[in-house]
Protein chains: 2
Amino acid sequence: MFRFALPTKIIFGKKCVKEHAAELLTLGKKAFIVTGKYSAKLNGSLLDVQEALESIGISYILFDQITSNPTIDQVRTAAQIAREKKVDFIIGIGGGSPLDAAKAIAVLATNELDDQQLFTGPYAQPFLPVAAVPTTAGTGSEVTQYSILSNANLETKTSIAHSGIFPKLAFLDARYTTKLPKRVTIHTAVDALSHSLEGYLSVKANTFSNIFAEKSLHLLGECLPYISKDPTLQIREKLLYASMLGGIVIAHTGTTAVHSMGYSLTYFKGIDHGRANGLLLAEYLRYLDVSYHEKIQSILQILQMKTIDEFAAKMHHLLGETDTITAAEVKLFSEKAAGAANISNTLLPPTEQDLAAMFQKSLKFVS
Amino acid sequence: MFRFALPTKIIFGKKCVKEHAAELLTLGKKAFIVTGKYSAKLNGSLLDVQEALESIGISYILFDQITSNPTIDQVRTAAQIAREKKVDFIIGIGGGSPLDAAKAIAVLATNELDDQQLFTGPYAQPFLPVAAVPTTAGTGSEVTQYSILSNANLETKTSIAHSGIFPKLAFLDARYTTKLPKRVTIHTAVDALSHSLEGYLSVKANTFSNIFAEKSLHLLGECLPYISKDPTLQIREKLLYASMLGGIVIAHTGTTAVHSMGYSLTYFKGIDHGRANGLLLAEYLRYLDVSYHEKIQSILQILQMKTIDEFAAKMHHLLGETDTITAAEVKLFSEKAAGAANISNTLLPPTEQDLAAMFQKSLKFVS
């Protein structure tokens, strides 16, 4: 038995924002653009969106104050403006942070919710529609129903998961990713890898989600040798496509223990989200290999690798020197991860001890 | 550049109608069930739907008068009843004929249209939502925006193609296909094959639609040896899944010359739709092989076949003795096909002479 729904219209290709601007008219007449301070200005995506909106007579408000790992306060501030300005829809431009923020703003623009209700509902009002313009190849947020925010109350990252926040439109133009710093290219590609790999190994994986996971893993395997060396636009397109496929995967399978664990590395140690996952992936494969050897082998085969050791070496090569972790951190992070919602998607749900062991083996343990 | 949208929520698996009945509540409180006279009663699908509706308090009107290759008059009659009874949504149960009829009824229930406008619009009012329950593994209509009707005015089959008739819900339970006569199993499977093969060879094929086409072709290749020998439920599930994937393909690529040609074989000679396509496929591959040898080779490889001759032999084995065609028929059908809308999706659009040659080689020519 499987269920599949993908309410996002995907438009992929060079100049797609300009050439398919008219699609935005289906969302309303006044837009609220949500983005970060710099990158959307540098990579041309913001200008493309502004010109597209002007060409079809849609007015807009620009909110460019989203930081990495956006907080609840940030999205509240933005939603307040969206509400006052009576916008019809939200356009998120950027990496995972602005896209996830855009979705949370779409929820808060029409609903009065306290910090807990923001994540759990009930949501009395329909959300504002969202259009997403990713400028990194990793998050897949343009095709998911998730918005992940830093949650100071729970000291971790927490998800809104609701079909109402699937973007209605996603515009994917790999040109926006060509100026990404090497570090960001690597970390985001590893995030995409993590999505497809975890989705393939989720208890919710099914014959349909696996089509996307396998294709995504195959393409990422092809791209990995190139991502640290100023990838061509062709490779960038492949990465963006693969990361979108990874988004479709986790929209249906959820993420698993790797994300549960990675959130602490990001929340407490400021490690980039994709990097945090990447540091943990090899040990996660080893952990599952004992009980699910065949599945792990098929992932390695799709990635054109032979062993988990080879996978670990490639991750290490990409991510460089491993970050450190203390005994106290291992204890705290394992506790947090054991209580995370997505841990139950793991084929073999790890105990707190299993999690501690994975943390300790994945990072440089300093006592 | 590609665009992808699939507004259908897909629910696939044994007893999915019963277990996910509540999904129907999102479509309204009064349903209009559209089906044929017998098969939905014999295979249990109608009863499952009726029980599901009763379990969630949705009332319904049953219209069970749809025949093979439904006509405009048939859907007008049904739409009139749907209108009078003020139903909220349509449930199509059956093979391609009831599903396509259900979609046309959804259009006519809210719009006053003459025979031509039915196919071209403009459509002033939004259509009623449709839920689809396929009981053959071939049409893919449960995930497409097409409704194909016999059109006596134009003496062919004509399509409504509009995103508003994508079913909102599709319930796929292979148990409904287990009692299909051998002939129907074969013809519908060949229809699915035709969709994925034509979609892969369409000028509108793209990297995303090809994911579905390749998977579908692969599964159909695996199933072909079993479909004439009372297939197991497992094979039936694979066929139903592959035919759904084929539907997703043609929703994005359209069909090509094979369908353009097949419509005449069905309209004038009463040959089953899937069979009509199947008779033509091998010569279509030969026709394209001259200019697109690599693509044809990759299709054969996915199907686990070596040559077009092998493909032709397998089709012949499945379809049995070839139907006849006269010189007058070749002339008329080639003219009709040359004027069909989907002919332009063909990688190398055939001339009327090319079409005549394909007809003549595909059927038993009697002068």
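In what follows, chains are A, B, ... by sequence order, proteins preceding strands, each numbered from 1. No experiment lies behind these values; they were computed from the predicted model shown.
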Engineer: Let me confirm one number: the OG1-CG distance from B:T8 to A:L6, rounded to the nearest 0.5 Å.
Structural biologist: 11.0 Å
Engineer: Looking at A:Q297, I want to see if its CD is surrounded by more than 12 non-hydrogen atoms of other residues, nucleotides or ligands under 6.0 Å.
Structural biologist: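 Yes, because the 6.0 Å sphere around CD of A:Q297 holds more than 12 heavy atoms from other groups.
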Engineer: Considering only heavy atoms and a distance below 4.5 Å, find which of A:H20, A:K14, A:E23, A:K15 pairs most often with chain B.
Structural biologist: A:H20
Engineer: Does A:K168, at its NZ atom, have more than 12 non-hydrogen atoms belonging to other residues, nucleotides or ligands within less than 6.0 Å?
Structural biologist: yes
Engineer: What closest approach, in Å, do A:T207 and B:Y241 show between heavy atoms, and which atom pair accounts for it?
Structural biologist: O-OH, 3.0 Å
Engineer: Select one option (side chain, backbone, both, neither) describing which atoms of B:F212 are under 4.5 Å from chain A's heavy atoms.
Structural biologist: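 Just the side chain, heavy atoms under 4.5 Å.
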Engineer: Pick one of side chain, backbone, both or neither for A:L219, based on which atoms fall under 4.5 Å of a heavy atom in chain B.
Structural biologist: neither
Engineer: Checking heavy atoms, do the side chain of A:E237, its backbone, both or neither come under 4.5 Å from chain B?
Structural biologist: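 Contact with chain B: none, neither part.
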Engineer: Just so I know, are the side chains of B:I11 and A:F2 near enough to count as touching, which here means a heavy-atom distance under 4.5 Å?
Structural biologist: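 They are not in contact (no side-chain heavy atoms under 4.5 Å apart), so the answer is no.
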Engineer: Report yes if the side chains of A:N206 and B:F12 come closer than 4.5 Å at any heavy-atom pair, otherwise no.
Structural biologist: no
Engineer: For B:G13 versus A:M1, what's the shortest heavy-atom pair and its separation?
Structural biologist: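 Taking every non-hydrogen atom into account, CA-SD, 3.9 Å.
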Engineer: Taking C-beta and beyond as the side chain, do B:M244 and A:F4 meet within less than 4.5 Å on heavy atoms?
Structural biologist: no
Engineer: Counting only heavy atoms closer than 4.5 Å, note whether B:L245 contacts chain A via side chain, backbone, both or neither.
Structural biologist: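 Only the side chain of B:L245 comes within 4.5 Å of chain A.
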Engineer: May I ask you to check whether over 12 heavy atoms, not counting those of B:Q301, lie within 6.0 Å of atom CD?
Structural biologist: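 No.
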Engineer: Hey, is CD on B:E54 packed in by over 12 heavy atoms from elsewhere, all under 6.0 Å?
Structural biologist: yes
Engineer: Once rounded to the nearest 0.5 Å, what's the spacing between atom CD of A:E214 and atom NZ of B:K215?
Structural biologist: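 If I round to the nearest 0.5 Å, the distance is 5.5 Å.
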